[in-house]
Protein chains: 2
Amino acid sequence: MESRIERLCIDRGLKMTGQRRVIARVLSEAEDHPDVEELYRRATSLDSRISVATVYRTVRLLEEKGILERRDFGGGRARYEASEHGHHYHLIDIDTGKVIEFEDEEHERLMRQIATRLGFDLVSHRMELFARKRNEDAATVSAAGIAAGPEPEPAAARRFPVEKRFGGRGR
Amino acid sequence: MESRIERLCIDRGLKMTGQRRVIARVLSEAEDHPDVEELYRRATSLDSRISVATVYRTVRLLEEKGILERRDFGGGRARYEASEHGHHYHLIDIDTGKVIEFEDEEHERLMRQIATRLGFDLVSHRMELFARKRNEDAATVSAAGIAAGPEPEPAAARRFPVEKRFGGRGR
DNA sequence: CTATCTGCAAATGATTTGCCCACAT
DNA sequence: ATGTGGGCAAATCATTTGCAGATAG
């Protein structure tokens, strides 16, 4: 009943309102990297008395509290994931928008070493790989975006192949 | 008289207008990673008959042509740099917004290897280090943002220490 | 009870675009 | 000449915020 993230919120002394509880639950159950729009969709499907503004406010609050981590996978909107999924990196399939996580022990050490060499203390770092599934069958050239497998990633994915380009802030 | 980037534009058959020539020159002479606002400032100081819209259009065009590369250093606006500065990475001083470039031969190979292991072909990748200058004297705790050294990076830098937070698209 | 939250709508800021005129080729 | 580029202002989009009412502790 009490989601993992709700627990974290309570521990940090956050006032738990109905909408926060729902959002916390949605975040706790998320296995992907939803953007605000998607979080809003999932949250309202559980309790319609939630507005996007609240999702934005909550997501920001949780990020400041270190419970959530904001990601930028190039789709134009921020994506979120619970902090305690451990340190890992992301590889984004540029044809489907699907995100794959992977670890690499060597990296953090290497980056820290580089920062040190430059006279700095590493505070945080970011690394994303944009790649395309290796030619498996043969027919996948322009058909890729159409028949891609399951789509764990929400809306944003659909805009990936086409590389949306208009209004608002781009890319 | 003919800037390095103007040359590239001509080679790719782009129609060279007065404003493009100026923007190309500004880009060719840039030693930092200016955002559109800064490019606009520099361009208009050479020829006032240029609008921001044109800078945006040009910068996007050059990016599509592979002449420019767009960067995101977390300031909320895109930063640009000529492609042919060779492959390198960036370390952003989170107190001053200053950007330091560094190389790391090992990285690309390592990333490509990871992508391959996951069944993908690496198309592009991104990596940024956010760090803080290692404690030199002692007095640098909250005074940092005030007395930072030279500021090769434009406007955006000033908003870094405070971690701007309002309106528009944030962070 | 009171500080904090929420919904709603309006505001923001970066970036794009429609329209019509100017210009490079 | 003619398709392409530019200025200006309006449009977009993700995100934030002011305000008045709701609510947790």
Side-chain angles (χ1 to χ4, degrees), chain A residues 6 9-10 12-24 34-41 43-44 47-65 70-80 154-156 159 163-171, chain B residues 6 9-10 12-24 34-41 43-44 47-65 68 70-80 154-156 158-159 163-171:
Chain A
E6 179 177 348
C9 290
I10 296 174
R12 322 231 168 170
L14 295 182
K15 189 184 278 190
M16 288 314 288
T17 67
Q19 21 277 78
R20 275 193 191 164
R21 221 183 306 278
V22 172
I23 296 174
D35 54 31
V36 170
E37 189 182 322
E38 176 65 15
L39 287 174
Y40 174 59
R41 224 193 310 285
T44 48
D47 182 338
S48 59
R49 287 166 301 184
I50 298 178
S51 75
V52 233
T54 297
V55 178
Y56 271 108
R57 280 192 272 237
T58 303
V59 123
R60 168 188 280 238
L61 175 67
L62 299 197
E63 190 204 350
E64 286 166 352
K65 292 296 182 181
R70 181 201 310 237
R71 304 288 181 191
D72 167 23
F73 295 156
R77 35 239 273 188
R79 310 278 288 268
Y80 294 88
R159 94 165 31 144
E163 200 42 295
K164 175 172 170 298
R165 235 63 171 93
F166 89 106
R169 66 133 318 207
R171 192 209 193 60
Chain B
E6 179 178 349
C9 289
I10 296 174
R12 321 231 167 171
L14 295 182
K15 189 185 280 188
M16 287 315 287
T17 68
Q19 21 277 82
R20 276 193 190 165
R21 222 183 305 279
V22 173
I23 296 174
D35 54 32
V36 170
E37 189 183 321
E38 177 63 15
L39 286 174
Y40 175 59
R41 225 191 311 282
T44 47
D47 181 337
S48 58
R49 287 165 301 183
I50 298 178
S51 75
V52 234
T54 297
V55 178
Y56 272 108
R57 281 192 271 238
T58 304
V59 122
R60 168 187 281 240
L61 174 67
L62 299 197
E63 190 204 350
E64 287 165 353
K65 293 295 183 184
L68 275 189
R70 177 203 311 238
R71 304 287 181 192
D72 167 24
F73 294 157
R77 33 239 274 187
R79 310 277 287 269
Y80 295 87
R158 217 157 305 118
R159 96 167 27 144
E163 202 39 294
K164 176 172 170 296
R165 235 54 172 100
F166 90 103
R169 66 130 320 202
R171 189 208 196 58

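Residue numbers start from 1 in every chain, and the chains themselves are labelled A, B, ... in the order their sequence lines are given, proteins ahead of strands. As the structure is a prediction and not an experimental result, all values here were calculated from the model.
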Practice task
Using whole Å, report how far CG of L14(A) lies from P of dG25(D).
Solution key: 10 Å
Handout entry: Distance below 4.0 Å between Y56(B) side-chain N/O and dT15(C) OP1 or OP2
Key = yes
Exercise for the section: Go through dA24(C), dG25(D), dC5(C) for me and flag the one nearest to the T17(A) side chain. Expected result: dC5(C)
Handout entry: Proximal nucleotide (of dT17(C), dC8(C), dT25(C)) relative to the K15(B) side chain
Key = dT25(C)
Fill in the blank from the handout: Of M16(A) and V36(A), the one whose closest nucleotide on DNA chain D sits nearer the 5' end is V36(A)
Fill in the blank from the handout: Nearest-nucleotide check on DNA chain C, R21(B) vs Q19(A); residue mapping nearer the 5' end is Q19(A)
Completion exercise
Comparing V55(A) with G18(B), nearest DNA chain C nucleotide closer to 5' gives the residue V55(A)
Practice task
Measure from the side chain of S51(A), starting at C-beta and using heavy atoms only, and say which of dT16(D), dT15(C), dC8(C) lies closest.
Solution key: dC8(C)
Practice task
Name the closest nucleotide to the R20(B) side chain, picking from dG6(D), dG25(D), dT15(D).
Solution key: dG6(D)
Completion exercise
The side chain to side chain contact (heavy atoms under 4.5 Å, CB included) partner of R20(A) among L62(A), L61(A), I50(A) is L61(A)
Fill in the blank from the handout: Between A43(A) and I23(A), the two heavy atoms sitting closest are CB-CG1, 4.4 Å
Practice task
With heavy atoms under 4.0 Å as the rule, sort R57(B) into base, sugar-phosphate or nothing.
Solution key: base
